[in-house]
There are 2 protein chains.
Amino acid sequence: MQTLSIGELAERSGVASQAIRYYEKEKLMPAPQRTDANYRRYPLDAVDRLQFIVHAKHWGFSLDEIRELLILQDANGDRAQVKHIAGEKLHKIREQIKHLSRIEAVLSKTLNECVGEGPMQEGCPIIEAIAEREK
Amino acid sequence: MQTLSIGELAERSGVASQAIRYYEKEKLMPAPQRTDANYRRYPLDAVDRLQFIVHAKHWGFSLDEIRELLILQDANGDRAQVKHIAGEKLHKIREQIKHLSRIEAVLSKTLNECVGEGPMQEGCPIIEAIAEREK
DNA sequence: CTTGACCCTAAAGTCAGCTTAAAGGTTATG
DNA sequence: CATAACCTTTAAGCTGACTTTAGGGTCAAG
């Protein structure tokens, strides 16, 4: 069976060798077999696992959360647990969207109100909005 | 004129003394006058400045961005510059909302598709969504 | 057989925005 | 006048997700 050195794996997955070693230390990647010279040799499907990590990171999952998902996969775990983790993540994402939307609303409103000209001796609606806004 | 010790300022503003010293080092707060014993004495409006910082942080501005806004205020700067900084921030916030909304859409869709029962031998729509999703 | 490209480990550095600790001076209270 | 509650400084620690550095070992090409 074909195996990959860490450098080949890095190139195929787009993840730096040192990051791969870091994922191993953090238990996201299993420790691979070693050659006599103590070089890591990875099976081909290590590429998929790394890309799962990359995608999950892009989705905003932390390494801790990704580790949980991988453990469930490795253990052929319960769908309910995966759904639970994803549900919590969805909740957090919706909270973030709410928070950002509130900011977006006030900021775009004040930007419209600001003429964007002249000095600010008598105040600037943007500065004032930041200064006064509660909560 | 009444002045405040750093501890009194901390209590009135809700910002820890050490954080106030940190803001001084980072040029967000001006270095205040000192007593003979080298104690900081703040004017009352230091409370407002600190609360401006707190609010701006809550809005998602970084300390670097807040410093820029404060410099414009201190210099009685140009409204156009403030509008420019706020406009860039608004753009970044809208990008973040877009990114999160895309994730929210896919994640809530896959959560609905997942029965949330049984083991995942034959795959789980959530895991697969993460694994397969491009970009 | 040597040079350069790879691989190894462990430890330290990076970013932001602080917090905590260490070691000491000052001031208010009983 | 002692002691607790302030204040001072500098330096180190924290989180997350790595990257960089230091100091070696290994391997393929010429």
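Keep in mind that the numbers below use all heavy atoms, side chains included, and drop hydrogens, waters and symmetry copies. This is a predicted model, so every value here is computed, not measured.
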(request) For residues K109(B) and N112(B), determine if any side-chain heavy atom of one lies less than 4.5 Å from a side-chain heavy atom of the other. (result) no

(message) Starting the side chain at C-beta, find the nucleotide from dT9(D), dA17(D), dT26(D) nearest to R40(B).
(response) dT9(D)

Roughly, in whole Å, what's the span from [atom1] in [X] to [atom2] in [N]?
X	N	atom1	atom2	result
L4(B)	dC7(D)	CG	C1'	15 Å
N38(A)	dG24(D)	CG	P	18 Å
L50(A)	dC18(D)	CG	C1'	14 Å
D36(A)	dC8(C)	CG	P	14 Å
I66(A)	dG16(D)	CD1	P	13 Å
E65(B)	dA16(C)	CD	P	11 Å
L63(B)	dC18(C)	CG	C1'	9 Å

(message) Between K92(A) and E65(A), does any side-chain N to carboxylate O distance fall below 4.0 Å?
(response)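 Judged by the 4.0 Å cut-off on N to carboxylate O distance, K92(A) and E65(A) do form a salt bridge.
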
(message) Closer than 4.0 angstrom, basic N to acidic O: yes or no for K98(B) and E95(B)?
(response) yes

(message) Pick the closest DNA chain C nucleotide for Y39(B) and for D64(B) by heavy atoms, then say which residue is nearer the 5' end.
(response) D64(B)

(message) If we count only N and O atoms by modelled type, under 3.5 Å, do the side chains of E88(A) and H84(A) hold a donor and an acceptor together?
(response)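 The answer is yes; a qualifying pair exists.
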
Can you list, pair by pair, the side-chain donor-acceptor contacts under 3.5 Å of residues 41-52 of chain B, counting residues two or more places apart and other chains?
from   : atom 1 : to     : atom 2 : distance (Å)
R41(B) : NE     : T3(B)  : OG1    : 3.1
R41(B) : NH2    : T3(B)  : O      : 3.0
R41(B) : NH2    : T3(B)  : OG1    : 3.4
R49(B) : NE     : L28(B) : O      : 2.9
R49(B) : NH1    : D74(B) : OD1    : 3.0
R49(B) : NH2    : L28(B) : O      : 3.2
R49(B) : NH2    : D74(B) : OD2    : 2.9

(message) Which is more 5' along DNA chain D, the nucleotide nearest I6(B) or the one nearest I53(A)? Just name the residue.
(response)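 Its nearest nucleotide lies further toward 5', so the answer is I6(B).
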
(message) For R21(B), give me all partners under side chain to side chain contact (heavy atoms under 4.5 Å, CB included), at least two apart in sequence or on another chain.
(response)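 Listed in chain order: I6(B), S17(B), Q18(B), R40(B).
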
(request) Mind listing the residues from residues 18-35 of chain A sitting with a heavy atom below 4.0 Å of DNA chain C? Number order is fine. (result) Q18(A), R21(A), R34(A)

(request) Report yes if a side-chain nitrogen or oxygen of S5(B) is closer than 4.0 Å to either non-bridging phosphate oxygen (OP1 or OP2) of dC7(D); otherwise report no. (result) yes

(message) If hydrophobic clusters are built from ILVMFWY residues whose side chains come within less than 4.5 Å, do Y39(B) and Y23(B) share one?
(response)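 Per the 4.5 Å side-chain linkage, Y39(B) and Y23(B) are not co-clustered.
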
